Amino acid sequence: MNVSDCKKLGIILIVTAVIVMVSGCTSNNIQTFDKEGLSLEFPGNWNEIPTPSNDQNLANKSGFNIIGVFIEGKEITNYTFLIEIGKANITNTTLTQAADNLNNNYIIEESNQAPIINRTSLKNGYDAIVFTYNGTGASSNLTLYENTYVFTKDNKIAYFIIFATPQTNIEENQKTIQTIIDSITIK
């Protein structure tokens with residue numbers, strides 16, 4: 001290869017790299033939720049939807065306020081993945097009591113059986129209580145596999161995230177859930 005050919009090849013590579021960067025082909029297609037002291041990443045093809053009033057009512061009965069709802073799909077009655085994020089002040093209570101309130105006033109309304117409950121610590125060291133259950137979505141009426149994480153950094157503010165998916169591809173969905181959970185930062 002002579003010098004002229006090397007220059008042409010170099011120019012072609014540079015132009016190709018610029019086209020790829022401008023077209024977004026190298027993008028990791030991630031969105032960031034950063035609100036109310038909580039930050040996390042989720043897939044870029046998910047859409048934020050208005051908070052369903054039935055869900056907000058159940059969260060309010062539990063002492064929480066929903067601060068974000070995102071779906072992979074078109075609407076609350078037609079999705080393949082949902083995350084719902086809530087926040088509560090727990091300065092006069094504990095994480096366990098906040099999780100119990102959520103279980104007794106929200107999760108029980110959706111679950112078709114008693115949830116499996118685990119206490120754990122998230123990647124960033126946040127204490128968490130995890131509820132796993134099959135249920136029927138309070139607003140979607142879809143039959144779902146659900147994981148609800150209730151967690152805190154400082155025992156002053158608690159957050160919950162409900163992950164709801166149709167009862168297919170559970171193993172693949174668990175990978176998505178873990179990726180989102182691992183991205184959580186409380187400010």
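Residue indices begin at 1 and follow the sequence shown. Remember, it's a predicted structure, so these values are computed and weren't measured experimentally.
Heavy atoms of other residues, nucleotides or ligands lying less than 6.0 angstrom from CG of N45 number more than 12.
Shown are F42, W46, Y79; of these, the ring pair (Phe, Tyr, Trp, His ring centres under 6.0 Å) with F70 is made only by F42.
For the pair I76 and S140, the tightest heavy-atom approach, listed with the atom from each and the gap, is O-CB, 2.9 Å. Smallest separation of non-hydrogen atoms from A138 and N54: O-ND2, 2.7 Å. Of all the heavy atoms in A59 and I66, the pair that sits closest is CB-CG1, 3.8 Å. Nearest approach of G63 to A88, heavy atoms of both residues: O-CB, 3.1 Å. Residues K35 and I67 approach most closely at NZ-O, 3.2 Å, considering heavy atoms.
In this structure, CG on L122 lies 8.5 Å from CG on D127, to the nearest 0.5 angstrom. One finds the CD atom of E84 at 11.5 Å from the CD1 atom of I71 (value rounded to the nearest 0.5 Å). To the nearest 0.5 angstrom, T185 atom OG1 is 8.5 Å from E41 atom CD. The CG atom of N134 lies 9.0 Å from the CG atom of L144; values are rounded to the nearest 0.5 Å. To the nearest 0.5 Å, the span separating CD1 on I108 from CD on E110 amounts to 11.0 Å. Atoms CG and OG1, on L102 and T148 in that order, are 6.5 Å from each other to the nearest 0.5 Å.
Inter-residue side-chain proximity for Y133 and I116 is flagged as unmet; no heavy-atom pair is nearer than 4.5 Å. In this structure the side chain of V69 reaches within 4.5 angstrom of the side chain of P52, judged on heavy atoms. Side-chain contact between L40 and I85: present, with at least one pair of heavy atoms (C-beta onward) separated by less than 4.5 Å. Using a 4.5 Å heavy-atom threshold, the side chains of N60 and N65 count as touching. Between I184 and K123 there is no side-chain heavy-atom pair separated by less than 4.5 Å. Between I90 and I157, the closest side-chain pair of non-hydrogen atoms is not below 4.5 Å. Residues I161 and V150 are not in side-chain contact: their nearest non-hydrogen atoms beyond the backbone lie 4.5 Å or more apart. At least one side-chain heavy atom of N103 sits less than 4.5 Å from a side-chain heavy atom of P115.
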>> I'd like to know whether D55 forms a side-chain hydrogen bond (donor to acceptor under 3.5 Å, both in side chains) with S139, so could you lay out the CA-CA distance, the side-chain angles of the two residues, the decisive distance to 0.1 Å, and finally the verdict.
In response: CA-CA 7 Å; D55 292 20; S139 297; 2.6 Å; yes
>> Checking N173 against F81 for the side chain to side chain contact (heavy atoms under 4.5 Å, CB included) test, could you report, in this order, the C-alpha distance in whole Å, the side-chain angles of both residues, the deciding distance, and whether it holds?
In response: CA-CA 8 Å; N173 293 338; F81 215 116; 3.7 Å; yes
> Between I170 and Q174, does a side chain to side chain contact (heavy atoms under 4.5 Å, CB included) hold up when you go through it step by step?
Replying inline: CA-CA 6 Å; I170 291 174; Q174 286 301 114; 4.3 Å; yes
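Every pair passing ring-ring contact (aromatic ring centres under 6.0 Å, His included) that includes a residue from residues 160-187 is listed here, sequence neighbours excluded: F64-F160, Y149-F163. For residues 136-153, no pair satisfies salt bridge (Lys or Arg N to Asp or Glu O under 4.0 Å), with sequence neighbours left out.
Residues satisfying the salt bridge (charged side-chain N to carboxylate O under 4.0 Å, His left out) criterion with D34, sequence neighbours excluded, are K187. With sequence neighbours left out, N147 forms a side chain to side chain donor-acceptor pair (under 3.5 Å) with T132. Considering only residues two or more places apart in sequence or on other chains, T80 meets the side chain to side chain donor-acceptor pair (under 3.5 Å) condition with E72. Remark: Y126 engages no residue in a ring-ring contact (aromatic ring centres under 6.0 Å, His included) (not counting sequence neighbours). With sequence neighbours left out, T77 forms a side chain to side chain donor-acceptor pair (under 3.5 Å) with E75. For Y106, there are no ring-ring contact (aromatic ring centres under 6.0 Å, His included) partners, not counting sequence neighbours. Partners of F131 by ring-ring contact (aromatic ring centres under 6.0 Å, His included), not counting sequence neighbours: none found. For K87, the salt bridge (charged side-chain N to carboxylate O under 4.0 Å, His left out) partners are E36, not counting sequence neighbours. By the side chain to side chain donor-acceptor pair (under 3.5 Å) test, E48 is found to be paired with no residue, residues two or more places apart in sequence or in another chain being considered.
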Solution key, residues 175-182 side-chain donor-acceptor pairs under 3.5 Å, sequence neighbours excluded:
unit_1	atom_1	unit_2	atom_2	d
Q178	NE2	D182	OD1	2.8
T179	OG1	K175	O	3.0

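Between the side chain of N78 and the main chain of K74, no donor-acceptor pair closer than 3.5 Å is present. A donor-acceptor contact shorter than 3.5 Å links the side chain of T94 to the backbone of Q97.
Side-chain heavy atoms closer than 4.5 Å link hydrophobic residues (I, L, V, M, F, W, Y) into clusters, and following such links, possibly through other members, connects I49 to L58. Hydrophobic clustering (ILVMFWY, side-chain heavy atoms < 4.5 Å, transitive): I162 and F33 are in distinct clusters.
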